[in-house]
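Throughout, a chain's letter reflects where its sequence line sits, starting with A, and its residues are numbered from 1. Here the structure is a predicted model, which is why all the values come from computation and not from measurement. These values consider heavy atoms only, across backbone and side chains, with no hydrogens, waters or symmetry-generated copies.
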2 protein chains.
Amino acid sequence: MSETNVSPTERIPTKERILDAAEVLFAEHGFDATSLRMITTAAGANLASANYHFHSKDELVRAVFARRIRPLNQRRMELLESCLQASGEGPLPLEEVIKAFVQPVLEMRSGPQGAAVGRLFGRSYADPLGSPGQSFFELMKEVARPFTEAFRRALPGLEQADLVWKLHFSVGVMAHTLAGADHLRIISGGRCDLSDAEGALEQIVAYISAGLRAKPARIGRN
Amino acid sequence: MSETNVSPTERIPTKERILDAAEVLFAEHGFDATSLRMITTAAGANLASANYHFHSKDELVRAVFARRIRPLNQRRMELLESCLQASGEGPLPLEEVIKAFVQPVLEMRSGPQGAAVGRLFGRSYADPLGSPGQSFFELMKEVARPFTEAFRRALPGLEQADLVWKLHFSVGVMAHTLAGADHLRIISGGRCDLSDAEGALEQIVAYISAGLRAKPARIGRN
DNA sequence: GTCTATAACCTGATAGAC
DNA sequence: GTCTATCAGGTTATAGAC
């Protein structure tokens, strides 16, 4: 047996194994409750290797986010661009804009460690302003502006403040869906499963599009 | 100056001051990143007093939740009951059921340390199943069943699985609104403020009621 | 009930051999 | 690049004086 004949699984570089272990543990326990020791042990690496490869815990957190967010947002922009091109100067189809934002997340969730990445992202939306999760928002900013502009075009006549409220709610739908996928599967007795990407996308798009189009509340009627 | 003449502010018992400090710090930094030292220092109490009054950190977390959730859910049940009585055996007005669930939260947010409590609650929805935030879900269970039943009555003809998806999304709207109130105020330039309870309630009820009533997604049209 | 002191342990980060 | 050993400081929890 020569050393070139090791299993492909074991040939994953230490740096990547640390990222893999970190994102699972961060998703499960949060940043502060996850120590570098837990991460390196789970990765089958030495404690010092984490600092060697990432210099500090904060930079490790940032690297964990960046690895997943970059391709996610690239895919979102692709879908948004093709939606913009198909519509020319006219109004945008609302459902397509929502799909461009949501579908890549569901695709990602069926990728490697998708459930953990989803949970990590979903939790990060709830992190306060000065926390380690801050880098999540900085990386997400890239798509915030073009999508806000697209939603404005898809919802003509909606006041600016109303749009901000509604987009905030819609992000909440996405975030809680990602963070609470396990809860949902359990309370529904397995009938609602985020891993069914097609069914989930339909549900999400239906709910969010209706919310975005909603007229002011009419309390007292049904 | 006799000792009976101290300011009312300083007469708050240690146990309560610890709860006050804990809920602010938990909301800001999470459970693991908040040490008992931080809490007792902020409360102007001794480190050992936390263990004296609450036995352990886990029980302190539970006490922090229980103090706020109990009256909150009591108020929710009051509003739901009066909604049920006004409707008899007939269908329930959807907006009123949503209001019974949401309005007490907004009321609470304008109470003592309301913003911190809201942020704490909003974050707790994103906590995974085995975490310290678990006690949050156990305390929230009390209202889950009666409200699910009320929503079923307010949305006749909706399939069970669809209802579960939609209620899950609606909880997400509520949770993210609470956790991200600061973000919302900043990105909206102050135009959207959760502290404006009346305006916020209108926005939330409009969005959630439309989402709950939504028909299956119609992709491709506007 | 409130304090000091301390036990037993874990943390991120680094120095330096290999 | 990977290891061991270690630093300085933080953590929960408790024992025991007042």
Self-check item: Residues from residues 49-65 of chain A lying under 4.0 Å of DNA chain D - heavy atoms
Solution: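 Result for residues 49-65 of chain A: Y52(A), H53(A), sorted by number.
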Nearest-Å distance, [atom1] ([X]) to [atom2] ([N])?
| X | N | atom1 | atom2 | answer |
| --- | --- | --- | --- | --- |
| H29(A) | dT11(C) | NE2 | C1' | 16 Å |
| R11(A) | dG1(D) | CZ | C1' | 14 Å |
| L36(B) | dC10(C) | CG | P | 17 Å |
| D32(A) | dG10(D) | CG | P | 15 Å |
| L47(B) | dT4(C) | CG | P | 10 Å |
| E16(B) | dT2(C) | CD | C1' | 18 Å |
| M38(B) | dG9(D) | CE | C1' | 15 Å |

Exercise. Report the nucleotide, chosen from dT4(D), dT2(C), dT4(C), that has the shortest atom-to-atom distance to any side-chain atom of T14(B).
Key: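 Closest nucleotide to the T14(B) side chain: dT2(C).
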Quiz item: When you check the phosphate oxygens OP1 and OP2 of dG1(D), does a side-chain N or O of N46(A) lie under 4.0 Å from one of them?
Solution: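 For N46(A), the contact criterion (side-chain N or O under 4.0 Å from OP1 or OP2 of dG1(D)) is not met.
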Quiz item: If only side-chain N and O atoms of S35(A) are considered, is one of them under 4.0 Å from the OP1 or OP2 phosphate oxygen of dC10(C)?
Solution: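 So the side-chain polar atoms of S35(A) never come under 4.0 Å of the phosphate oxygens OP1 or OP2 of dC10(C).
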Self-check item: Sugar-phosphate, base or nothing in reach of T34(A), heavy atoms under 4.0 Å
Solution: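 Touches sugar-phosphate only.
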Would you call [X] and [Y] a salt bridge, using N to O less than 4.0 angstrom?
| X | Y | answer |
| --- | --- | --- |
| D20(B) | R67(B) | yes |
| K141(B) | E138(B) | no |
| R62(A) | E59(A) | no |
| R152(B) | E149(B) | yes |

Practice problem: With sequence neighbours excluded, give me every ring-ring contact (aromatic ring centres under 6.0 Å, His included) pair touching residues 94-119 of chain B. | Solution: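 Of all non-adjacent pairs touching residues 94-119 of chain B, those that pass ring-ring contact (aromatic ring centres under 6.0 Å, His included) are F101(B)-F147(B).
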Quiz item: Can you tell if the side chain of L94(A) reaches within under 4.5 Å of the side chain of F151(A), non-hydrogen atoms only?
Solution: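 Contact flag for L94(A)/F151(A) side chains = yes.
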Practice problem: Would you kindly compare A45(A) and R37(A) by the position of their nearest DNA chain D nucleotide and give the one closer to the 5′ end? | Solution: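 The 5'-side residue here is A45(A).
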Self-check item: Modelled atom types, side-chain donor and acceptor of S56(A) and D58(A), under 3.5 Å
Solution: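 S56(A) vs D58(A): no donor-acceptor pair found between side chains.
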